[in-house]
K.L.:
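I am attaching a structure below and will ask some questions about it afterwards.
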Amino acid sequence: RKEVEQDPGPFNVPEGATVAFNCTYSNSASQSFFWYRQDCRKEPKLLMSVYSSGNEDGRFTAQLNRASQYISLLIRDSKLSDSATYLCVVSPSGGGADGLTFGKGTHLIIQP
Amino acid sequence: EAGVAQSPRYKIIEKRQSVAFWCNPISGHATLYWYQQILGQGPKLLIQFQNNGVVDDSQLPKDRFSAERLKGVDSTLKIQPAKLEDSAVYLCASTLARGFMNTEAFFGQGTRLTVV
């Protein structure tokens with residue numbers, strides 16, 4: 001079983017729609033969770049950290065389910081600029097960036 | 001604030017040749033990472049440094065890959081000899097320090113290596 005699994009997509013979504021991605025992780029000892037965004041031929045950039053209580057940043061909402069070992073990302077009112085690859089990232093360390101394990105990413109295409 | 005600098009941006013070499021990549025992290029960042037990203041996959045950690053010491057190199061193919069961060073600032077990653085399957089983007093990332101919850105990793109633009 002892969003350590004971090006994501007549906008690679010692509011997800012083709014009309015502008016303004018709501019889209020959700022899930023990701024599952026195999027290491028139950030994982031402590032820190034993130035969503036990174038990667039534009040085509042660019043480097044990954046942190047989108048948001050994922051907290052146990054769930055967290056929201058504008059149109060983006062992240063949830064963590066430790067019992068089922070999955071993380072979700074919800075994007076509301078999607079914009080053309082949201083088109084990118086979204087990488088699910090986990091770390092076994094409570095120290096945040098140590099030992100980051102990336103999923104393969106979910107490719108999102110927002111269509112006008 | 002200057003970001004993570006990497007060079008070269010692109011490199012094409014023949015198999016069995018050697019190649020070296022350079023990374024300069026964000027000033028003051030103690031932790032430096034090298035990742036390999038093969039097309040269509042997520043980045044895979046090759047090696048992690050804390051200052052000039054190696055924290056994790058468990059996924060580094062040590063028969064052909066080596067990395068150093070002698071003065072605890074910039075770092076080089078070398079491949080010798082290169083194989084076709086080494087074609088990938090090599091990303092360098094840095095973080096302020098270990099031990100901070102939800103610390104953000106800042107990535108450089110990467111070096112795109114093509115082995116022919």
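In what follows, every chain begins at residue 1, and chains take the letters A, B, ... in the order their sequences are listed.
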K.L.:
Is it true that A/Y25 and A/F21 fall in one hydrophobic cluster, defined by side-chain heavy atoms closer than 4.5 Å?
P.N.:
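Hydrophobic grouping puts A/Y25 with A/F21.
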
K.L.:
Going from CD on A/E3 to NZ on B/K44, what distance comes out if it is rounded to the nearest 0.5 angstrom?
P.N.:
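Reported to 0.5 Å precision, the distance equals 11.0 Å.
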
K.L.:
What residue in A/C88, A/P44, A/G105 has the most heavy-atom pairs under 4.5 Å with chain B?
P.N.:
A/P44

K.L.:
Under a 3.5 Å distance rule, please check whether A/Y36 uses its side chain to pair with a backbone N or O of B/A105 as donor and acceptor.
P.N.:
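Side chain of A/Y36 to backbone of B/A105, a donor-acceptor pair under 3.5 Å: yes, one is there.
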
K.L.:
Do A/L100 and B/Y35 have side chains that get closer than 4.5 Å, going by heavy atoms?
P.N.:
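Yes, side chains in contact.
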
K.L.:
So for atom CG, which belongs to B/L84, do other residues, nucleotides or ligands contribute more than 12 heavy atoms lying within a distance under 6.0 Å?
P.N.:
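More than 12 heavy atoms, drawn from other residues, nucleotides or ligands, come within 6.0 Å of this atom.
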
K.L.:
For B/P43 versus A/L87, what's the shortest heavy-atom pair and its separation?
P.N.:
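Smallest heavy-atom distance, with atoms named: CD-CD1, 4.2 Å.
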
K.L.:
Is it true that, when you exclude B/K62 itself, more than 12 heavy atoms of the residues, nucleotides or ligands shown sit nearer than 6.0 Å to its NZ?
P.N.:
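Yes, NZ of B/K62 has more than 12 neighbouring heavy atoms, counting only those of other groups under 6.0 Å.
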
K.L.:
Has B/I12 got more than 12 heavy atoms of other residues, nucleotides or ligands less than 6.0 Å from its CD1?
P.N.:
no

K.L.:
Could you state whether A/F33 and A/W35 fall into the same hydrophobic cluster, counting links through intermediate Ile, Leu, Val, Met, Phe, Trp or Tyr residues with side-chain heavy atoms under 4.5 angstrom apart?
P.N.:
yes

K.L.:
Heavy-atom count around A/Q111 CD within 6.0 Å, excluding the residue itself: above 12?
P.N.:
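Counting other residues, nucleotides and ligands, CD of A/Q111 exceeds 12 neighbours.
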
K.L.:
Which region of B/Q59, side chain (C-beta onward) or backbone (N, CA, C, O), has a non-hydrogen atom less than 4.5 Å from a non-hydrogen atom of chain A, or is it both or neither?
P.N.:
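Contact with chain A: none, neither part.
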
K.L.:
Considering only heavy atoms, which portion of A/Q38 lies under 4.5 Å from any heavy atom of chain B: side chain, backbone, both, or neither?
P.N.:
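A/Q38 touches chain B through side-chain heavy atoms alone.
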
K.L.:
Would you give the length of the straight line joining atom CG of B/L91 to atom NZ of A/K42, rounded to the nearest 0.5 angstrom?
P.N.:
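Between B/L91 CG and A/K42 NZ, I get 13.0 Å after rounding to 0.5 Å.
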
